Every structure is written in structure tokens, then in C-alpha cells.
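Structure record follows, encoded as C-alpha cells.
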Amino acid sequence: MKSTIRKNWPKYVLQWGVLGALIFFLSPLATKVFPKLAPSDPEAWCPLGGLEALTTYVTRGSLPCSMSSSQILMGILLAAAVILFGKLFCAYLCPIGTLEDLLTKIRKSLGLGGLEFKSGSFADKALRLVKYALLFWIFYSTATASELLCRKFDPYYAVATGFKGEIVLWMSIVSLALVVVGGFFIKRFFCRYICPLGAAANSFRFWLPLLCLGLVWWAVSLLGVVLPWWILLAAFCLLGYLLEILYRKPKLQLLHVIYDDDSCTRRCYTCRKNCPYNIDIPGSGGIVTDVDCTLCGECIASCPSQAISFGVVTKPVGGGIGRLLPAFLVVVLTALGIIFGGRFEVPTIDEKWGIEEGMELKTLRIENLTSVHCYGSSMAFKGKMEKVRGVHGVKTYAGSHTVVLTYDPSKTNEEKLLEDIYEPSHFRVNSPDPKEYKELKIQTIRTEHMPNRTDLNYLGLQMRLTGKKVYGLESEYDCPLIVHVYSDPAEELDEDWFREVVEKKVLAMPIHGGGVKETPVDFTFIRLEKGTGKIGIAEYLERMFDPFSAEFNGRYPSADTTIVRKRAEVYAGQPQYIYEITDQNYEKPIIKRALPFLSNHLSKEEGVIGVYLKLNKDLLPSIQVRFAAPMTAERVWELMTQPVWTITYAKDDVREVDAKMKFDKPGICYNYE
């Protein structure tokens, strides 16, 4: 069988160009070639995610996860393209479709025969139900939980993230196996029977019956009958499935594959053999309207008598123009999505509360609030604002890190709201030796455009790169913002130095292994306050330190039942001890993130009362385990250094995980006071 690559080159250029671009931009190579390039989101232009996001926004008024307007627009464009032209995405852009086409070519090159479920057979109809069941499950779960369920098992997402994304491992492995194994033996197996986007695309091709379904739903609502939204989703999926297996031939479409029976000099059926879906093109009656047709052009490229072409409505478009038409439409639609995707933004959440008739409300728009970056952080921000007097609404735009507050000006004002939003923070630039210093110098500067906690970190890193003996920063809300700078008493830091450091536009941090990571910043220096102060080294270290504390409960027998009591109370009359391990690195964020796992692991052991991260008597960071008999110091060390920890996530969810921390030297044990 002759290759169709030369005659059908537009499809292959797009397929392999898209796949190559995905591989490049999702790999570490992209940031090495383009250092200023932000890490790529594997689902940045996924139309299925866009349709899920749109459904969630319509049903809940919020977007799931970090979905943006770009994804929504791609989902809308997919639906429009399917209605007007056909399933172009499946043929020209989808990486899974590209892989399945490649697997078919590999099988044929090896001389192996494939399997085929004849269209309309019982097996074919039963298998087609799978993708509609998945379609309902995905959209229902996403809309109710505001979390993209498709990520849990999407084979493309799993591979693109290196199986490190928001996946369920066994689901991802099963779906990837269906793509590879199923696609090797059955042409377009995953696309035909498993892909929920394929189910949505096939349904959109029957847009007139779906429009009638929507009108019926609207008429029922006018009669005062309120039905749950998922009933409409279920009806959409069921109608799409029934139309696919019983009717199969949507009529209202502009672009088709057109077959000229008079030009067909021999019934070789080469077209059907090359079709990814085995569509009987000579039996189509002139215009191929089969629901499976993706306008891939393989039938046209393989026809020895040129009896097949692309056509608009019922008229064929011959020559090179006709062969380029679907690819041209794909490029145009994709360009529209990229160009207009960033021109508008749909709110991630838009919620109001406590509004009474007659209230005169105002809005405050705050930009560059990077702590608001997804649905979860938006809801956390909303929860915080609900406690603020006078606030009656929160609208967030996660993509641009923007929030809009609705408030009652008689109870609060813009300045007070900005103060309520701001979270004072501190950042240790370098670690001073407590033995070298008795006190540090304090200088105070005023800055603007630093609304986020991480902004102080960026400024501190800028100061670290100068080599000056600056040890810490601490912020305090005011307008302009107050930033206290702690440094060596002998270090001379004047206003010009502060201005230069604060107003650097790029933070260029060296990366381990070579290279530089550049982060754009845009802070404004206002002034250096007059005068300096002093702070004792002990007080400074306490201010800069973020402690951790976890004390445990346990079940203990009583006269009539087993009761839950604090272990500190149970062991109050017994000798208690502290097992302490000291290391300056314990202040690093990676250690702090591991401490909940360590405390969880130790909490199941009898005699362990609590786990803490504190400054010890020498003002050094230390992990301290408080315990009483029957626990011993030797057993604590043994538990801490086990290569596998036992973590309880829930009552019925206990897992063994690799140890999150490593300890090289045993600690010391002393009496708890």
C-alpha cells in the first residue's frame, strides 16, 4: 500500500508540527533555549478542558482550577468548527490521534493484520457507549467539584507532565495502555470508543437535534419546572449516543468529503482501507456524512482515480486549493484562539453575600495579586474577605491575578481594604552567626507595588546577590509600604544603593547545575527613612523564625469506654524528654514542608507527645521530639531514620511513602522542662 504522506502533506505537517512543538515546549530544553519563557501548561489550549470550564462556569459561576478564558475560547471554537466544518481537531491537531495513526502505520509496515469492529455491530455500538459515559462522568464531576477530572486519567496529560501532574496513576496507565495497545491493533481505537472529546464532537455534529433539546429544556423551565442541570447533561450524552449509533449521518455541515462515482474506474476500496475509521466511501452516495469522518484527507490522497475530493456543501473543490482547505481552516481557527484568547477574561469566581435592598456599594480593583492564581486560592481569598466588615462580594481573575471587591463605603474604604488584604511577612536574606553579633542595625525604606508576600522574598534575593551583609527583611503595612532592613552594624547602605536594588526590573537567580532563572519584578523605591535602630540578635532570630508545632492525642481506656485524650495530659505525671537534632538548614522551606509528614509518621508511636521546630538555647534551628516512656531516644532515632514512613491521610487511607527527610547524625536527649 502506497504512502499518502506526499499527497496529504498538509495533514502531516500540522500533526507532526503540533506534536513536535508540544514535546519541545514541555521539555526543559525550552527554558534553556528561551530563558525568559514561562513553564508551559500541558493543557493551555486543550478544548476539552475549555468545555469543562465553560460547563462549570455556567452551572456554578466559577472556573475549575487554573482554567482561563483561552481554554474556554478553544472549547467554543472546537464546537463551532465541528458544527460548521467537521472534526478537524481530531485529524490535524490532537496528539493522541497522531500517535494512533502512527501505531497503525507501524503495524502495517510490520505486515501484521488488525482487528475491526464493523460499524453497526453489537460490539461497535456497545463500545461507543463508553466515551459517552466518560463524557457525563467528567463534566458532572468537574462541575460539582470545580476540579478537572479529565486530568486524572488523560493519557496526554500524564505523559506531558511525566506522570507527576494531578493524575490517578492506575487510571493514567490504563488509559495510556488503551491508546497504545488498542491503537496498534484497531485503527483509532481510543478516538472511536474511549475519548470523551470525541463523544462531544460527534454530538455537536448533530447540532439541530441538540438545539431542539435545549429549546425543550427552556420551555419546561418557563412552565416553572426546575430540573437539576445534570439532567440536561445526561440528555445531551444520551441523545448524542443514540444519534451516533442509529442515525450516524449528520447532514447540516459546510465541508465534506465528496465522492464522484463516475470517476471511480475500479472498485479497489483503497480509500476505505486507508480511512482511519474504515468508512465505506463508495457507498456514501456522493457526500460522506458519516459521523466518524474527520476530514483527514487520507481517502483523497490514496484514491488512484482522483474520484474523491473535499467539497463545500455539495460542490467539490478540486486541485491544490481543495486539498489545502481543511488544514487552512485549522490554522485560521487556531490563530483566532491564540489571538483572542488573551483579549478577554472570565472570572474564576464571582460571588456576593449579605447585600440588602437600598445599599449603595462600590468596587475596588486590585491587580498583580499573585496569591490568587487558581480556583482554590480564589476561594481561600473569598473566605478571608467574608470576615472583613463591609465587604459583600469577591470577583477574581486567576489568569491575571486580579481581584474586584464589592464593598459598602459607609463601613470601610479602599485604604482599609488594602490593609486587610495585605499579609505582613519576613524574609531571611542571610544567616548571621549568633556568636559574631550581639545586635543588628535596622534601616527602614518605603516602597510601592509590593502587594504579595513573595514580593519581599524577591527583594531579599536581590539584596543577597549584591554580596552586602544584609540579613533580613520585614514588612509592615502602610502606604507606601514599610520595609525594615536588618544588616551588619558596620554595613553602609545609602539611599542610592536601596533605590538601585529595589528598582531592578529582573531578578536573575543562578540555577543549580548552571544557567540563570530570570523573574520580572516591578517594585518602586520611595524613600529611605531618616535614622537607624538596633535589635538584639536573639530578638531578631525569633522574629525571622517560623516555628512548627504538632502535639498528639491518643485513645486511652477509661472505666466504661475508650476515650480520646491529649497525650501531654496522659503523661503529665511521668518524666518527659526532648530528643533534639540541630541544623541551620532546618529553616529552609523544603524542610518545613516535610515536618507534617515526620510528625504524622511519629504520631502513631506510643509515648510520642509532640514534634516541634524551634530555636534551641543556642539560637539554632532544631527539630525536637517530646516523648515519655515507653518511648526511648534510641527508638525515636530509629523511627526518624527509617527509609519508609507510614503516613495516615485518612482513617481508611494509610500509605507507606519514602522518607521526606534524612538525618545524618544522631541528636541529643535531655529532660523536658
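All values derive from a computational prediction rather than experimental measurement.
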All N/O donor-acceptor pairs, side-chain side in residues 311-320, below 3.5 Å, sequence neighbours left out:
none

Can you find a pair of side-chain heavy atoms, one from [X] and one from [Y], that are under 4.5 Å apart?
X: K11; Y: D101; answer: yes
X: N278; Y: S119; answer: no
X: Y277; Y: C191; answer: yes
X: R272; Y: I279; answer: no
X: I321; Y: L325; answer: no
X: P196; Y: L48; answer: yes
X: V288; Y: H256; answer: no
X: V257; Y: F310; answer: yes

Side chains of Y157 and S172: any donor to acceptor distance under 3.5 Å?
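Absent: no donor and acceptor within the cut-off.
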
Distance-only side-chain donor-acceptor flag, N202 / K87, under 3.5 Å:
yes

With a cut-off of 6.0 Å (strictly less than), are more than 12 heavy atoms of other residues, nucleotides or ligands near [atom1] of [X]?
X: W353; atom1: CH2; answer: yes
X: F163; atom1: CZ; answer: yes
X: L211; atom1: CG; answer: yes
X: E386; atom1: CD; answer: yes

One thing to verify: whether [Y] and [X] come together as a salt bridge, which I'm taking to mean a side-chain N less than 4.0 angstrom from a carboxylate O.
X: R365; Y: E367; answer: yes
X: K131; Y: E244; answer: yes
X: E414; Y: K362; answer: no
X: D124; Y: R128; answer: yes

Minimum heavy-atom separation for [X] to [Y], with atom names?
X: M171; Y: F153; answer: CB-CB, 3.5 Å
X: V394; Y: F381; answer: CG1-CD2, 3.9 Å
X: R188; Y: P276; answer: CG-CB, 3.7 Å
X: V330; Y: L88; answer: CG2-CB, 3.6 Å
X: F184; Y: L103; answer: CD1-O, 3.8 Å
X: L51; Y: F204; answer: CD1-CE1, 4.1 Å

Rounded distance [0.5 Å steps], [atom1] in [X] versus [atom2] in [Y]:
X: L78; Y: I83; atom1: CG; atom2: CD1; result: 9.5 Å
X: I96; Y: L19; atom1: CD1; atom2: CG; result: 11.0 Å
X: I300; Y: Y259; atom1: CD1; atom2: OH; result: 13.5 Å
X: T334; Y: L329; atom1: OG1; atom2: CG; result: 10.5 Å
X: I258; Y: I308; atom1: CD1; atom2: CD1; result: 11.5 Å

Cationic tip of K105 above Y12 ring, under 6.0 Å, 45° of axis:
no

Given M379 and E351, is the side-chain contact (heavy atoms from CB on, under 4.5 Å) satisfied, shown in steps?
CA-CA 10 Å; M379 292 302 292; E351 302 201 17; 3.8 Å; yes

Please name the residue in the list Y140, F139, Y132 that meets the ring pair (Phe, Tyr, Trp, His ring centres under 6.0 Å) test with F136.
Y140

Quick check on side-chain contact (heavy atoms from CB on, under 4.5 Å): which of L149, D154, L197 does I138 satisfy it with?
L149

